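Not measured: the values here are computed from a predicted model.
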Amino acid sequence: MICAYPGVNTDLGGERLAGTRTLTDAGQLAHDLGYLPVGWDNLACTNMGGPMTNYLVRFTYADGRSLWVGSAEEVNHCALTTNGTATSSTYVGDRITDAYRKGPATSAREKDPCRTWMARRGQNARMVPDEPTSLVVCRLDPQGGQASRAEYGTDVARPLATMLNALDARKSDNDCRQTEDADPGVILRLVFGYADGPPTAVMVQAFCRPSVNNGLLQADGDDRLHQEVTRLAPR
């Protein structure tokens, strides 16, 4: 059951229940939430005022037990998701809104990988966790237009993941310090897919320092990495 409490992010507190929706098939939503990376101390938000809908989601089990999860859809795509014990800063407000408005949520893998930021548990420990089976390289348009993409299989995804995991990574502050004389128009998103669960997204921006960021970790990419992702990028 999803309970919605709409309001605005400039006047938090006191939101009233606007409605509920009960899903008879919540397995996909529960599955995807279970893959969220845990941690929130590096949450970075912009400050645009606007609408915000708080959600309480109750998952009920066959033995009568229940689990409550709190989250929100927010205009800055900045909201924590928590079950009271574990908390994640990965934004899923749009997914919960889709489930509330349209019924059972579709898998995260059905979202456009070049437009939707996704995360997977383990990204706070490794730039690319687990064993990816596919790779989509997206060249993003700085003006917000359609992204171009190139798709690859396991033979490309795993060596590139190994290269990224070999970098000296540290906790991300989601900051970009532009390097002198660099082209700010080349923004690449590497989306690693898996046999199960949501993909991992890693941004590579050669004009930034640090140039590699998965939202939870960041690292300084070397020339070898930048040359390889440039080779794989769509023209």
Item checked: A125: partners by side-chain contact (heavy atoms from CB on, under 4.5 Å), with sequence neighbours left out ->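 Partners of A125 under the side-chain contact (heavy atoms from CB on, under 4.5 Å) test: none.
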
Notebook entry, point to check: Under the ring-ring contact (aromatic ring centres under 6.0 Å, His included) test, which residues partner Y91, sequence neighbours left out?
Noted result: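 Y91 satisfies ring-ring contact (aromatic ring centres under 6.0 Å, His included) with H77 once adjacent residues are dropped.
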
Please confirm whether the backbone N or O of [Y] pairs with a side-chain atom of [X], one donor and one acceptor, at under 3.5 Å?
X: N165; Y: M127; answer: yes
X: E74; Y: A72; answer: no
X: R65; Y: A62; answer: no
X: N76; Y: M48; answer: yes
X: S66; Y: T60; answer: no
X: R121; Y: G34; answer: yes
X: N9; Y: G50; answer: yes
X: E15; Y: T53; answer: no

Checklist line | T97 side chain to E73 side chain, donor-acceptor N/O pair below 3.5 angstrom | finding: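 Short answer, yes.
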
Margin query: Between Q227 and D223, do the side chains contain a donor N or O and an acceptor N or O under 3.5 Å apart?
Written below: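 No, no side-chain donor-acceptor pair sits under 3.5 Å.
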
With [X] via salt bridge (charged side-chain N to carboxylate O under 4.0 Å, His left out) - residues at least two apart:
X: R149; value: D112
X: D220; value: R170
X: R231; value: E228
X: R158; value: E131

Next item on the list: Any chance you could measure L29, atom CG, to D25, atom CG, to the nearest 0.5 Å?
Entry: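 Atom-to-atom, L29:CG and D25:CG are 10.0 Å apart.
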
Note to self: Please report the interatomic distance CG(L217) to OG(S172), rounded to the nearest 0.5 Å.
What the structure shows: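 So the gap between those two atoms works out to 7.5 Å.
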
Notebook entry, point to check: Can you name the one residue among S211, P210, C208 that meets side-chain contact (heavy atoms from CB on, under 4.5 Å) with R177?
Noted result: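 One option only clears the test, and that one is P210.
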
Note to self: Please give me the minimum heavy-atom distance between A169 and A219, naming the atom from each residue.
What the structure shows: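 Heavy atoms only, the tightest pair is CA-CB, 4.0 Å.
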
Do [X] and [Y] belong together in a cluster built from hydrophobic side chains that touch within less than 4.5 Å?
X: Y5; Y: Y100; answer: no
X: Y61; Y: M1; answer: no
X: Y152; Y: V202; answer: yes

Margin query: Using the rule side-chain hydrogen bond (donor to acceptor under 3.5 Å, both in side chains), only one of D130, T90, T200 pairs with R120; which is it?
Written below: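 The single option meeting the side-chain hydrogen bond (donor to acceptor under 3.5 Å, both in side chains) with R120 is D130.
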
Note to self: Using salt bridge (Lys or Arg N to Asp or Glu O under 4.0 Å), reason through D222 and R224 one step at a time and then give a plain yes or no.
What the structure shows: CA-CA 5 Å; D222 54 25; R224 177 168 166 261; 5.4 Å; no

